[in-house]
Colleague: 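This is the structure, below, for whatever I ask next.
Atoms within a ligand are numbered from 1 in the order they appear, just like the ligands themselves.
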Amino acid sequence: MGRQNGYDHREIERRWQDQWDEADVFRVPDDAEDPAYVLAMFPYTSGQLHMGHVRNYAITDALARYRRMDGDEVLHPMGWDSFGLPAENAANERDTNPREWTERCIEQMREQFEALGFGYDWDREVTTCDPDYYRWNQWIFNRFREAGLVERQAATVNWCPSCETVLADEQVEGEAELCWRCDTPVEERDLDQWFFRTTEYADELLEDIDELDGWPTNVRDMQRNWIGRTEGAEVPFDVETPDATETVRAFTTRLDTIHGATFFALAPDHPLAEAAAERDDEVAHFVEHVADPDGDEPQGVATDMTARNPVTGEELPVFVADFVLSDIGTGALMAVPGHDERDHAFAQSHDLPIRQVIAPEDGADTEDVDIEAAPYTEDGVLVNSGEYDGLSSEPARERLTEEVDGAESAVQYQLRDWGISRQRYWGTPIPIVHCEECGPVSVPDERLPVELPEFVHTTGNPLDAAEEWKHTECPECGGPAVRETDTMDTFVDSSWYFLRFTSPDLDDAPFDVERANDWMPVDEYVGGVEHAVMHLLYSRFVTKAFADLDLLDHREPFESLTTQGMVLGEDGAKMSKSRGNGVSPERIVSEYGADTARLFVLRAARPDKDFPWSEEGVRSSNSFLKRLLEMAREVDPDAAADDPDDPAAEYVAREVAATVEAATDRFEEMEFNRAVQAIDEMVSLLVRYRDRDAVDSGVVARGVEVAVKLLAPVAPHVCEECWTALDGEGFVAEANWPTPDRDVSDHEQAVRLVERTREDVRDIVEVAGIEEPTAIDVVTAPEWMHDALELARDDDGDVVGAVMSDGDLRERGEAAADYAKDLAAAAPALPEALAPDRERATLERAAWLVESEFDAPVRVLAAEEADDDLASKAEPGRPAIHVHEN
Ligand code: ANZ
Ligand code: ZN
């Protein structure tokens with residue numbers, strides 16, 4: 001069957017997969033001596049791999065296999081991110097339950113992974129929906145709660161009044177915000193929700209980004225923005241209510257504008273706003289019905305309170321306004337319509353004064369700015385600000401922070417605590433029991449896991465409907481109590497799974513502290529950029545919290561991060577069902593084999609770049625593999641390859657050594673595309689060399705062996721097959737990574753010399769219209785020119801002087817003087833040239849390439865051996881050439 005493609009990929013691939021498995025090639029001991037941890041973001045269990053997955057997992061597999069051959073003990077595990085809403089939806093659509101559905105998906109995906117030949121240590125498989133895994137989410141919840149990192153707060157959620165349930169954001173459809181099940185308009189509700197206090201770590205999460213130099217810049221920037229630290233000040237305002245004077249602090253980034261404050265505003269749920277609502281129906285109505293911070297027009301309502309500006313002593317009206325958010329700063333602000341957009345809009349709609357207190361730095365003329373028409377929001381120079389007039393914004397802020405009574409510098413973060421409550425079935429039950437007497441009580445560790453009850457099809461949260469499960473007794477007082485029916489956000493599962501892989505079967509702790517310390521941090525983490533913020537930030541938070549709980553010595557989980565680019569459709573657009581430009585991994589694997597699929601996705605581009613699918617590229621990857629296998633089957637594996645006398649053989653041997661070096665560097669950088677390119681070029685050279693008359697078969701055998709080893713991380717099955725043909729011992733997957741068997745430090749210069757010489761020959765043949773060259777002379781420059789070049793290169797001023805101050809060179813007379821002038825003209829960009837003997841040896845070794853191209857014998861001559869006219873045209877790095885013809 002698969003034979004039509006040159007080799008029976010199906011048979012070969014299955015056979016090697018079985019053999020790796022039997023020989024435990026990818027098992028890694030717990031206590032490795034040279035631990036390397038290579039990890040791909042584990043997949044959500046949708047049941048289907050797409051090309052993006054193939055690429056993601058081919059990247060880490062190639063890296064892991066390379067590191068293993070290079071001597072590391074590599075942890076390269078795989079698991080399943082298997083909780084989440086889609087399983088629940090699928091179960092509802094299909095009359096099954098989320099667990100069965102998920103298990104089927106896992107089976108399918110594991111088979112697909114195996115068919116692709118990914119080398120995972122399956123003994124370490126981790127499945128987040130297993131009670132053996134999620135009990136540790138609960139254990140972690142308990143530890144975090146003890147450490148004060150868990151909080152229960154009211155939060156606004158989507159509520160469908162008809163289904164009587166909370167909806168996830170993705171269950172609210174369209175502009176009209178309708179329930180996905182019953183099309184009822186969704187309402188907002190404040191419910192008590194559980195939070196992990198990520199904000200406790202805001203500073204450290206931000207600061208440590210600076211040290212993540214193995215991470216892409218854009219991801220680091222996205223994390224910085226997400227945390228969103230702003231510096232400012234908090235200032236106390238005395239607020240007069242009908243009953244008392246209260247001090248309310250306001251956060252501001254623009255203390256320099258305080259003379260321009262013309263009103264004061266409170267968030268609708270600020271305690272003083274709520275108190276005002278009790279006194280005033282209009283305020284009450286606004287607080288309950290109107291407040292909508294998403295609306296465009298800022299809205300608000302006046303109150304019976306005033307606030308005293310601590311600098312000017314002015315009485316300012318106090319409003320309750322929807323654009324003041326309760327979880328930013330203090331939930332209260334001083335409004336400066338002259339210099340802030342929202343305050344300006346609000347002032348215009350409520351007919352409040354707009355005052356300019358900042359003028360542009362240059363000009364400093366208030367008349368340049370029409371403050372009624374639009375706010376001036378830049379920094380500038382203070383005006384209308386009493387004794388502060390004339391100061392620039394920045395120093396004014398500093399002085400005011402010092403001089404205003406009770407003012408203090410303050411920072412404000414955009415980062416919020418992590419709301420982990422989900423009103424859904426398919427997740428980790430939050431281990432809390434609500435007791436009327438004791439309030440929310442943690443389920444003690446020894447009663448974990450709190451397992452999910454049986455799934456029932458219902459409109460609301462199935463946990464709410466699980467009456468028997470729900471009613472329990474209070475762990476503290478033994479009285480009747482009700483279980484928490486919220487489950488955890490699935491990002492909790494993925495925030496620490498990389499630790500579980502280090503001791504997956506441990507049953508008295510989530511992970512073994514010592515093992516985790518050994519393996520962590522993950523050396524290379526590879527996944528989609530869509531996780532730049534949430535997953536990666538949560539994982540960093542959890543790692544830091546564990547470190548503070550003495551569960552880990554590391555404070556960052558991922559040393560290096562690669563976000564892989566997309567595999568686009570053949571039309572260059574994102575693969576999608578609607579465009580019909582998708583390519584199924586299953587078809588490619590069955591038509592061409594796993595090795596071809598892997599080779600294609602790795603050679604197409606660097607891991608972080610997008611690239612379009614190309615069936616042509618797939619076919620050419622496939623022929624490359626066929627050719628390698630044919631060569632491996634052809635060569636004589638016993639031929640020795642030590643020191644060939646033939647210069648051509650030596651040329652090839654050097655190219656092989658240089659390829660080893662180049663490909664190794666590329667593997668280190670994960671530039672698999674460039675590694676493959678180097679291997680590809682070397683194989684082409686081997687083919688050309690093999691087809692000559694006189695061949696050193698030892699050199700060819702060594703070259704093929706090297707190609708097979710270098711390609712083994714990318715196309716492992718074919719390479720095992722080649723390895724067997726080469727009489728290799730054991731698996732190529734376990735063979736030693738090759739090292740260069742020759743010094744190739746001058747390889748780059750040698751390549752440049754040979755390339756240039758070949759081009760010069762081509763030019764001469766073409767320009768002179770030579771049809772049948774009979775012989776080609778290549779004449780290298782005399783030694784003294786090399787000396788002159790060296791002197792010129794070492795000198796950084798007077799090149800001619802430097803060259804002519806040398807006695808031997810002076811004796812050369814006019815020839816030396818002319819060359820010195822040429823050098824001076826070209827300086828300082830003087831090329832490095834090989835030493836004369838190396839130059840000749842290099843050309844002699846490469847002569848066969850020229851001979852086979854022009855079908856004429858090549859002589860490499862020293863200047864002294866050639867006629868003067870020709871010799872005088874030679875320069876170091878650029879031999880003179882004469883092409884003879886009949
Ligand atoms: C006076 C002022 C004058 C402000 C001015 C800005 C410009 P960023 O920079 O986004 O962090 N603010 C304070 N508390 C707020 C809250 N709870 N809800 C909404 N806005 C609030 O925002 C800081 C600025 O947002 C603060 O600086 C404050 O307005 C407002 F010409 O104070 B500013
Ligand atoms: Zn109780």
Colleague: Would Tyr525 and Phe498 count as a close aromatic pair, with their ring centres under 6.0 Å?
Modeller: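 So the answer is no for these two rings.
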
Colleague: Before we go on, tell me: are the rings of Trp418 and Tyr538 under 6.0 Å apart, centre to centre?
Modeller: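 Yes, the ring centres sit under 6.0 Å apart.
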
Colleague: Give the table of side-chain donor-acceptor pairs shorter than 3.5 Å for residues 262-275, with sequence neighbours excluded, one pair per line with atom names and distance.
Modeller:
unit_1, atom_1, unit_2, atom_2, d
Thr262, OG1, Pro353, O, 2.9
Asp269, OD1, Ser326, OG, 3.4
Asp269, OD2, Ser326, OG, 3.2
His270, ND1, Leu272, N, 3.1

Colleague: Please tabulate protein-ligand N/O pairs under 3.5 Å for ligand 1, atom names and distances to 0.1 Å.
Modeller:
unit_1, atom_1, unit_2, atom_2, d
ligand 1, 11 (O), Thr230, OG1, 3.3
ligand 1, 17 (N), Leu325, O, 2.7
ligand 1, 17 (N), Ile328, O, 2.8
ligand 1, 18 (N), Leu325, N, 2.9
ligand 1, 27 (O), Thr252, OG1, 3.4
ligand 1, 27 (O), Thr253, N, 3.0
ligand 1, 27 (O), Thr253, OG1, 3.2
ligand 1, 32 (O), Thr252, OG1, 2.6

Colleague: Answer yes or no: is there an ion pair linking Asp548 with Arg143, defined by an N-O contact shorter than 4.0 Å?
Modeller: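 No, this pair does not count.
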
Colleague: Going by the side-chain hydrogen bond (donor to acceptor under 3.5 Å, both in side chains) test, which pairs reach into residues 335-350, not counting sequence neighbours?
Modeller: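 Listed once each, the pairs would be none.
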
Colleague: Can you list everything that forms a ring-ring contact (aromatic ring centres under 6.0 Å, His included) with Phe141? Sequence neighbours excluded, please.
Modeller: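 With sequence neighbours excluded, Phe141 shows a ring-ring contact (aromatic ring centres under 6.0 Å, His included) to Trp194, given in chain and number order.
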
